[in-house]
Each structure stands twice: as C-alpha cells, then as structure tokens.
Amino acid sequence: MRFMHISDLHLGKSVNEFSMLEGQSFILSRLLEICDCEKPDAVLIAGDIYDKPSPPAEAVALFDGFLTALSGRGLDIFVLSGNHDSAERLAFGARLMQGSGVHLAPVYDGTVQPIPLKDDYGPVFVYMLPFVRPGSVRRFFPDVRIESYNDALRTAVSGIAVDVSQRNVLLAHQFVTGAVRSESEEISVGGLDNVDGRLFDPFDYVALGHLHTPQSVLRETMRYCGTPLKYSFSEAKDQKSALLIDLEKKGSVHIRSMPLKPLRDMRILRGTYEEITFRPNYEAAPREDYLHVVLTDEEEIPDALAKLRILYPNIMKLTYDNRRTHIAGDFGEIQPETQNTPLEMLEALYEKQNNRPMSPQQIEFSAGLIAKIWGD
C-alpha cells in the first residue's frame with residue numbers, strides 16, 4: 001500500500017506581510033501531479049492545515065478544492081488537526097465526508113479508533129491522534145497524573161489498542177525530542193512540548209507534523225515531512241518535499257522523497273549594494289523569488305529597500321552585515337581623562353559603536369556642528 005505523507009500546509013499564512021496563498025495554490029497543484037504520477041492509495045495530512053484557528057475564506061476555499069480533487073481521484077485522505085487548527089472546525093462534517101474517502105480526525109475524546117484499509121498483504125490500520133495538550137487529555141483520565149506533554153501523550157497512546165501483529169500507521173502532530181526546529185514554528189519556552197518518540201514504537205510508520213524541516217527521528221519510519229513551502233529564511237537551504245511510503249508485508253517499509261519546486265523560492269542575497277545592483281548580476285538572478293537581502297556596505301544606503309525593490313520586487317527583509325553590526329552593544333565607558341573636548345569624546349564613541357574611526361569629512365562636519373551648537 002502506498003501513502004503520500006504531507007503536513008503543515010499553513011494555508012492562509014503571511015510571511016513578512018507577503019501572502020503565501022498564491023504559492024500555496026501552486027504547490028497543492030504540484031502535489032496533485034505527484035498523485036497522478038505515483039498513484040498513492042491514500043494521502044496522510046499530519047496537521048496544521050491552516051495557519052490560524054479561524055482561517056480566511058480564501059484558505060478554506062483552497063483546501064476545499066484540494067480535498068475535492070484528491071477525493072475525485074478515488075484516494076483515501078486522512079486529515080489531522082494541528083496546534084494551529086481548530087479541531088472542532090476541522091472535524092465538521094466528518095461522518096458525511098467519510099463516504100467520499102475523506103477521513104477527518106475527530107476532536108480528541110480519550111479514544112483513538114483505527115480506520116482499516118486493505119491491500120494484497122492484508123489489513124492496514126490507520127490511527128489519527130490530533131495535537132494534544134495535558135489539559136485535553138487530563139479531562140478524560142482524571143485518575144492519571146498528567147503534568148507534561150509527555151505524560152499526556154503517554155496516556156493517550158496507552159489508551160490505543162494496537163495489534164502489533166498487523167501493520168499500523170499513526171498520524172500525530174507533536175514535537176518529538178531530538179528533532180530539529182526552524183524559525184517559522186511556534187516555539188514552546190523551555191521545550192515543554194517535547195515528547196518521547198519511543199511512545200510510538202507499536203506503529204510501523206509514524207507520519208508526523210508540527211516541525212517544518214524534513215527529517216526522521218529515532219528511526220527511519222518516524223518522519224516529519226516538513227512544510228511543502230519555505231516559511232522562514234532559516235529554511236532557505238531546505239529541499240521541500242512530499243514523502244511516499246510503500247508499506248508492504250509486515251516489517252517492510254520503503255520511503256521516497258519527492259522534491260517540490262515552489263512558484264517562488266526563498267533565498268538570501270548577500271553583497272554590497274553595488275554588487276547586488278550590478279546589471280549582469282540581477283539579470284541572471286531569479287528576480288521574483290522571496291529575498292532576504294544582506295548588505296555588506298559599511299555605510300547605510302538611503303532608501304535601500306525601496307530602490308532594491310525596483311529590481312527585486314519580492315524582498316521580504318533587508319539587513320546589514322558590517323563592522324558596525326558586529327559590535328555587541330556594550331560600548332564600555334568613555335574615559336574623560338583621555339578625551340578632553342566634545343569632538344574627541346564623539347570620535348571615541350563613534351569608534352566604539354562602528355569599530356572604525358571617523359573619516360576626515362565626518363570629523364570636519366561634526367566639528368562645525370559642535371561649534372554651531374556651542375556658539376548658540
């Protein structure tokens with residue numbers, strides 16, 4: 001049986017005030033093309049369908065179209081709610097949609113029921129465990145001490161009756177200890193949401209959502225597929241992908257990664273203003289990509305962002321990397337016994353702030369300004 005594993009669509013998301021909807025629509029169409037080419041039997045969507053519990057209408061319409069297209073291909077689709085989703089909203093119409101092969105995870109009620117599929121090797125049982133917090137599990141197990149996310153997950157998983165002699169697949173949306181985060185994720189202070197991946201040992205494949213970088217954790221068959229699009233510049237070097245999982249006889253699992261090429265990539269462009277605006281350089285660059293421009297000029301360029309957006313319209317972020325920005329910010333104390341005049345004090349302060357002395361032109365300008373102020 002072949003599964004396609006995707007997660008963390010975050011439909012409706014904006015990055016640095018740029019809407020991602022156009023790129024999200026594009027990447028969903030690429031996922032449909034993979035389905036047409038690779039013919040999976042089922043699609044696993046492991047949470048964070050939307051970026052907010054109350055998503056915009058355009059995001060809901062986009063996901064509706066995607067589900068309809070998948071269902072029209074005769075696939076089973078498993079949809080899990082994540083920490084960004086409203087589990088109640090996402091579960092609406094679940095029993096009605098099940099007749100179309102769309103399986104929406106219900107709101108967690110202390111139980112997780114398997115959904116059986118079948119192939120030439122026999123049955124496969126798919127379990128969906130939505131994102132759970134200690135409070136959402138504690139209410140159903142009042143006699144169990146549940147203080148942490150790990151306690152909550154241990155209790156929730158122990159309540160699942162898994163026949164380990166059969167093939168079992170789990171969808172879950174949690175942060176497994178040892179996995180690598182990226183900047184675009186919702187961070188829990190102190191790692192309070194960490195859970196032990198060994199709790200998932202009864203399952204042949206664990207389709208994880210929550211983390212945005214594709215990776216395996218503890219074993220090859222416990223996977224985060226990552227986001228289908230880049231949502232921060234910390235992911236600029238990531239290769240986004242969908243995972244194809246071939247579940248054969250018990251104990252035989254084969255995993256392939258299917259690369260996803262976005263409508264606009266997310267890149268970091270570094271150099272001086274002159275280098276970045278040099279015509280052969282910008283004409284050869286993918287100018288429509290989302291960019292973080294890092295200028296290495298020692299002096300700030302007036303209106304640099306507005307000027308550069310004429311050449312690169314989708315600049316999301318502009319920063320400087322030079323001697324001045326490398327200063328930690330603790331400039332120490334200016335010793336008055338070594339600087340006797342206001343100009344000398346200003347020169348000393350400038351050098352500590354910028355890691356270089358004032359130029360003759362700056363000294364001349366500052367001296368004139370000081371003379372004018374003192375004269376008045």
Would Met128 end up clustered with Leu199 when hydrophobic side chains under 4.5 Å apart are linked, directly or stepwise? no
Applying salt bridge (charged side-chain N to carboxylate O under 4.0 Å, His left out), name anything that partners Glu274, two or more places apart in sequence or on another chain. none
Can you give the donor-acceptor pairs under 3.5 Å from side chains of residues 50-68 to other protein atoms, not counting sequence neighbours?
{"residue": "Asp51", "atom": "OD1", "partner": "His10", "partner atom": "ND1", "Å": "2.9"}
{"residue": "Ser54", "atom": "OG", "partner": "Arg89", "partner atom": "NH1", "Å": "3.4"}
{"residue": "Thr68", "atom": "OG1", "partner": "Asp64", "partner atom": "O", "Å": "2.8"}

Which atom pair, heavy atoms only, marks the closest approach of Ile27 to Pro262? CD1-CA, 4.0 Å
Parallel, tilted or perpendicular: which describes the rings of His103 and Phe78, with under 30° parallel and over 60° perpendicular? parallel
Nearest heavy-atom contact between Met358 and Ser366 is CE-OG, 3.2 Å
Under a single-linkage definition using a 4.5 Å side-chain heavy-atom cutoff for Ile, Leu, Val, Met, Phe, Trp and Tyr, are Val293 and Tyr320 assigned to the same hydrophobic cluster? yes
Within 45 degrees of the ring normal and closer than 6.0 Å to the centroid, is that where the cationic atom of Arg198 sits relative to Phe200? no
Using the salt bridge (charged side-chain N to carboxylate O under 4.0 Å, His left out) rule, collect all pairs that involve residues 245-265, keeping only residues at least two apart or in two chains. Arg2-Asp246, Glu22-Arg264, Glu38-Arg256, Asp204-Lys250, Lys230-Asp265
Are any side-chain N or O atoms of Glu283 and backbone N or O atoms of Pro280, one a donor and one an acceptor, separated by less than 3.5 Å? no
Does the side chain of Tyr350 pick up a donor-acceptor pair with the side chain of Gln362 at under 3.5 Å? yes
Passing candidate, side chain to side chain contact (heavy atoms under 4.5 Å, CB included) with Gln174, options Leu211, Asn150, Val132, Asn83: Val132
Joint cluster assignment, Leu171 & Val124, ILVMFWY side-chain distance < 4.5 Å: yes
Just to verify, what does Asp76 make a salt bridge (charged side-chain N to carboxylate O under 4.0 Å, His left out) with, not counting sequence neighbours? none
Angle class for the Phe140/Tyr108 ring planes (parallel below 30°, perpendicular above 60°, tilted otherwise)? perpendicular
Could you please spell out the steps behind the side-chain contact (heavy atoms from CB on, under 4.5 Å) verdict for Leu208 and Val176? CA-CA 9 Å; Leu208 292 169; Val176 175; 3.9 Å; yes
Polar contact flag, side-chain donor to acceptor under 3.5 angstrom, Tyr205-His5: yes
Mind checking what makes salt bridge (charged side-chain N to carboxylate O under 4.0 Å, His left out) contact with Lys240, not counting sequence neighbours? Glu235, Asp238
Got a second to check how far Thr319's OG1 is from Phe233's CZ, nearest 0.5 Å? 9.5 Å
Indicate if Phe203 and Phe125 have the same hydrophobic cluster label, given that clusters are the connected sets of ILVMFWY residues with side-chain heavy-atom separations under 4.5 angstrom. yes
Got more than 12 heavy atoms from elsewhere within 6.0 Å of CZ, Arg309? yes
Count I, L, V, M, F, W, Y as connected when their side-chain heavy atoms are under 4.5 Å apart, and connections chain through other members. Are Leu243 and Leu28 then in the same cluster? no
Checking Asp151 now: which residues fulfil salt bridge (charged side-chain N to carboxylate O under 4.0 Å, His left out) with it, not counting sequence neighbours? Arg154
